[in-house]
Q: 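Structure below; questions to follow.
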Amino acid sequence: MQVVVTKSYDESCAYVAKMFCDLVREKPDCKLGLATGGTPVPMYKKLIEACAKGEVDFSRVHTVNLDEYCGIPETHPQSYRYFMNTNLFDHINIDKANTYVAQGMGDAAANAAALEAKVREGGVADLQLLGIGNNGHIAFNEAGDTLTAEAHIEQLTESTINANARFFDSRDEVPTTAITMGMADILAAKKVVLIANGPAKADAIRGLIADGSITTHNPSTLLKLHPDVVVVIDEELAKAAGWQG
Ligand code: GLP
């Protein structure tokens, strides 16, 4: 695992945006694994800027997103499909038909099976973007005694519901279940880049980068099983996580 410590969150976003732009330039028909949450938003802005300047061309790129809330329609401002459209897809020259965000409405088992199929359709992701939850969850693979390999429906923990409540009008509106790629789906990507920022992530990041231990109680630690993972954090978070370098 490579740990990149930048001077600032903005620099972290620039670093990750460059990874994506370099890949798309090198392989114009690449497959990207994308993520939601507040953390990648400024990184997506940088991709939009690069595209507007003609520095990168997304016209042949395919994408698959990690997860989606259950029970809210695509048109809901907090659905991850809506998030991806408004934070990225609407502003770059990607063909939306080549973007996939799991369905949160309807037959949950069928939706999970459809996501599972998309993970490998046309090959696995060349680069998978990840954020991290305060409890170390990646996508919506929650911390607990067990983890799931394949795409599935996950019961969200109190920690995650509380953390994500800031995006909703009230905590009661936060969905309690989500459809998510499983751990094997994430680990199948050719390369993984995780970006994190802020003191709330310090414990989770410490578990991820401090040593070689792996625990289902911090799902991000399973990334240690992957041969090509880059963790991008700023100095402040590195210090809070006790990173010695
Ligand atoms: C959600 C998403 C994760 C994301 C996490 C952290 O639970 N499913 O993919 O990493 O939130 O989000 P934030 O970046 O807003 O802290």
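Atoms within each ligand, like the ligands themselves, are counted from 1 in listed order.
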Q: Can you list the residues that meet the ring-ring contact (aromatic ring centres under 6.0 Å, His included) rule with Tyr69, with sequence neighbours excluded?
A: Tyr80, Phe140, Phe168
Q: Do you reckon Tyr15 sits in the same ILVMFWY cluster as Met1, going by side-chain contacts under 4.5 Å, direct or chained?
A: no
Q: Evaluating non-hydrogen atoms only, which member of Gly131, Ala139, Ala204, Ser220 is closest to atom 3 (C) of ligand 1?
A: Ala139
Q: Before you tell me yes or no, could you show the steps for Glu55 and Lys18 under salt bridge (charged side-chain N to carboxylate O under 4.0 Å, His left out), namely the whole-Å CA-CA distance, both residues' side-chain angles and the distance that decides it to 0.1 Å?
A: CA-CA 11 Å; Glu55 292 169 2; Lys18 184 174 182 309; over 6 Å; no
Q: Nearest protein heavy-atom contact for atom 12 (O) of ligand 1: which residue, which atom, what distance?
A: Gly37 CA, 3.8 Å
Q: Considering heavy atoms of the protein only, find what lies nearest to atom 1 (C) of ligand 1 and give residue, atom and distance to 0.1 Å.
A: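 Protein heavy atom with the smallest distance to atom 1 (C) of ligand 1: Tyr80 OH, 3.6 Å.
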Q: Under the salt bridge (charged side-chain N to carboxylate O under 4.0 Å, His left out) criterion, do Asp126 and Lys190 qualify, and how do the steps go?
A: CA-CA 5 Å; Asp126 292 287; Lys190 290 180 193 162; 3.0 Å; yes
Q: Considering distance alone, does some N or O of Thr160 sit under 3.5 Å from an N or O of ligand 1?
A: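 No, there is no polar N/O contact under 3.5 Å.
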Q: For atom 7 (O) of ligand 1, which candidate among Glu142, His137, Glu68 provides the closest heavy atom?
A: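 The option holding the nearest heavy atom is His137.
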Q: Only heavy atoms of Arg166, strictly under 4.0 Å: list the atoms of ligand 1 that pass.
A: 13 (P), 15 (O), 16 (O)
Q: Indicate whether the side chain of Asn218 and that of His137 have a donor and an acceptor atom separated by less than 3.5 Å.
A: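 Checked: Asn218/His137 side chains show no N/O donor-acceptor pair below 3.5 Å.
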Q: Could you list the atoms of ligand 1 found under 4.0 angstrom from a heavy atom of Lys201?
A: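 By the 4.0 Å cutoff, the relevant atoms are 13 (P), 14 (O), 16 (O).
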Q: Kindly write out the residues that satisfy salt bridge (charged side-chain N to carboxylate O under 4.0 Å, His left out) with Arg120, not counting sequence neighbours, or none if the list is empty.
A: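 By the salt bridge (charged side-chain N to carboxylate O under 4.0 Å, His left out) rule, Arg120 matches Glu116, Asp185.
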Q: Do any nitrogen or oxygen atoms of Gly38 lie less than 3.5 angstrom from nitrogen or oxygen atoms of ligand 1?
A: yes
Q: Heavy atoms only: which of Ile132, Val41, Thr39 lies closest to atom 6 (C) of ligand 1?
A: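 Residue with the shortest heavy-atom distance to the ligand atom: Ile132.
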Q: Can you tell me which residue and heavy atom of the protein come closest to atom 8 (N) of ligand 1, and the distance to 0.1 Å?
A: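 Closest protein heavy atom to atom 8 (N) of ligand 1: Asp67 OD2, 2.8 Å.
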Q: Before accepting this row, confirm whether a basic side-chain N of the pair Lys239/Glu236 lies closer than 4.0 Å to the acidic partner's carboxylate O.
A: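 Salt bridge between Lys239 and Glu236, a charged N being under 4.0 Å from a carboxylate O: no.
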Q: Should Leu129 and Met181 be regarded as members of a common hydrophobic cluster, given that ILVMFWY residues are connected when their side-chain heavy atoms come within less than 4.5 Å of each other, either directly or indirectly?
A: no
Q: Using a strict cut-off of 4.0 Å, indicate which atoms of ligand 1 neighbour a heavy atom of Phe140.
A: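 Ligand 1 atoms under the 4.0 Å threshold to Phe140: 1 (C), 7 (O), 8 (N).
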Q: Give me the residue, atom name and distance of the protein heavy atom closest to atom 4 (C) of ligand 1.
A: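 Minimum-distance protein heavy atom for atom 4 (C) of ligand 1 reads Thr36 O, 4.0 Å.
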